[in-house]
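Comments concern the structure below.
All values reported here derive from a predicted model rather than from experimental measurement.
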Amino acid sequence: MDIPFREMRVAVAGGSGTVGRHVVDQLRAAGHEPVVLTRASGVDLLDGTHLADALQGVEAVVDVSSTSTASPKRSTRFFETVTRNLLAAEREAGVGHHVALSVIGAEKVGASYYEGKAAQERMIMAEPGGWSLLRVAQFHELTEFLVDNYRIGPIRVVPPMRAQPIAAAEVAAELVSITLGAPRGLVRDLAGPREERVSDMVRRYLRATGRPRPVLEVFLPGAWGRGMRNGTFLPAPGARKSRQSFEVWLDHVA
């Protein structure tokens with residue numbers, strides 16, 4: 001027997017970001033109503049302004065909000081504050097499903113941005129139920145961020161890092177699938193089809209977009225840099241693999 005379609009109202013925290021915009025578009029394309037939770041839409045995730053009102057009638061919340069800081073203290077403050085505000089507003093509004101996105105290896109590194117993601121994971125997993133948590137590999141789109149933000153003159157500066165990158169659109173598709181179902185707790189990790197070296201990804205991205213530039217690998221100290229070099233951010237055996245390779249993604253953005 002066919003199950004009739006039922007439109008859902010789904011809130012997306014960080015709905016204008018790298019993954020969030022794909023989540024919003026895919027929800028809308030599937031016939032559901034996305035509610036974007038950003039400052040531009042009048043909702044402040046950090047102080048909770050208008051958050052409870054925005055969740056009225058919402059059945060699920062997808063949290064793909066993020067921060068660009070590399071400070072462990074600022075990252076932890078951001079993710080703990082946003083998660084606390086979302087969970088409190090969801091309880092007040094009667095939202096039954098909280099879906100969050102994290103990074104493979106974040107709980108092992110305990111440094112930089114990833115310390116905040118690990119804190120977010122602990123807060124969610126301490127909840128008695130009603131949540132799903134998906135850990136994924138680095139995005140193909142990481143190359144765009146590195147090219148735009150890490151440079152010394154014409155030189156692009158990249159940390160030595162092993163990754164098994166995945167397209168943000170495929171991450172969004174998995175999040176939408178999770179959101180439209182019952183809470184699943186910790187979901188099996190999801191990564192790209194094969195391992196890559198990030199510096200090589202940046203070189204290929206620059207060539208593909210007609211901007212060949214020198215790329216210099218610079219070692220980062222401490223647990224963060226060590227985790228990048230030793231494969232901490234790679235998926236463990238048994239993780240699921242997405243379909244789109246970095247080469248195919250490049251063909252679409254070039």
Side-chain angles (χ1 to χ4, degrees), residues 3 5-15 17-38 45 51 54-55 57-66 78-108 114 116-139 166-192 233 235-236 238-243:
I3 300 175
F5 172 80
R6 183 177 66 83
E7 179 184 347
M8 286 181 60
R9 183 175 167 88
V10 178
V12 185
T18 301
V19 177
R21 59 189 176 85
H22 290 293
V23 173
V24 169
D25 289 345
Q26 292 181 29
L27 283 167
R28 189 173 287 123
H32 301 286
E33 181 187 355
V35 178
V36 179
L37 305 179
T38 62
L45 297 173
L51 184 53
L55 296 187
V58 164
E59 296 183 55
V61 170
V62 184
D63 182 12
V64 288
S65 62
S66 191
F78 174 86
F79 285 110
E80 286 186 341
T81 301
V82 170
T83 301
R84 186 180 301 111
N85 287 343
L86 282 172
L87 292 174
E90 289 166 23
R91 283 191 287 269
E92 181 179 340
V95 178
H97 193 181
H98 180 93
V99 181
L101 178 66
S102 192
V103 184
I104 292 172
E107 83 285 3
K108 299 176 183 177
Y114 302 99
K117 294 303 292 183
Q120 178 190 27
E121 289 187 8
R122 290 191 295 270
M123 288 184 69
I124 293 168
M125 290 190 282
E127 291 289 301
W131 55 269
S132 299
L133 175 64
L134 173 66
R135 294 169 175 156
V136 301
Q138 308 295 321
F139 305 142
I166 183 172
E170 288 193 277
V171 173
E174 176 66 10
L175 288 170
V176 169
S177 175
I178 293 168
T179 301
L180 299 181
R184 293 165 54 180
L186 185 60
V187 182
R188 190 152 57 102
D189 293 353
L190 181 66
F233 296 107
R240 295 171 297 152
K241 293 183 180 181
S242 62
R243 293 184 177 182

Gap separating the CE atom of M123 from the CG atom of L133, nearest 0.5 angstrom: 13.0 Å
Check ion pair E174-R188 (N to O, under 4.0 angstrom): no
Check: E59 side chain, M8 main-chain N or O, donor-acceptor pair, under 3.5 Å: no
Taking every non-hydrogen atom, the tightest pair across A172 and H22: CB-CB, 3.4 Å
Beyond-backbone contact of L45 with N85, side-chain heavy atoms, under 4.5 angstrom: no
Distance (rounded to the nearest 0.5 Å) between K117 NZ and T83 OG1: 7.5 Å
Minimum heavy-atom distance between Q120 and A100, given as atom pair plus value: NE2-CB, 4.2 Å
Sidechain-backbone polar pair: E170 side chain, R243 backbone, donor-acceptor under 3.5 Å: yes
Gap separating the CZ atom of R91 from the CG atom of L55, nearest 0.5 angstrom: 12.0 Å
L27 backbone acceptor or donor facing H32 side chain under 3.5 Å: no
Closest non-hydrogen atom pair between L51 and A89, with its separation: CG-CB, 3.7 Å
Donor-acceptor under 3.5 Å (T38 side chain, G14 main chain): no
L186 and R135: CA distance, side-chain angles, deciding distance, side-chain contact (heavy atoms from CB on, under 4.5 Å) verdict: CA-CA 8 Å; L186 185 60; R135 294 169 175 156; 3.9 Å; yes
Derivation of the side chain to side chain donor-acceptor pair (under 3.5 Å) call for T179 and H97: CA-CA 7 Å; T179 301; H97 193 181; 5.8 Å; no
Side chain to side chain, R240 and V187, heavy atoms closer than 4.5 Å: yes
Heavy-atom pair of closest approach, residues L86 and A13: CD1-CB, 4.1 Å
For S102 against E121, the heavy-atom pair lying closest together: OG-OE2, 2.6 Å
Heavy-atom donor-acceptor pair, S132 side chain to V99 backbone, under 3.5 Å: no
Shortest non-hydrogen separation from L190 to I104 and the atoms involved: O-CD1, 3.8 Å
Close side-chain approach of L87 and W131, heavy atoms under 4.5 Å: no
Straight-line distance of H98 NE2 to I124 CD1, nearest 0.5 Å: 4.0 Å
Rounded distance [0.5 Å steps], CG in L134 versus CG in D189: 7.5 Å
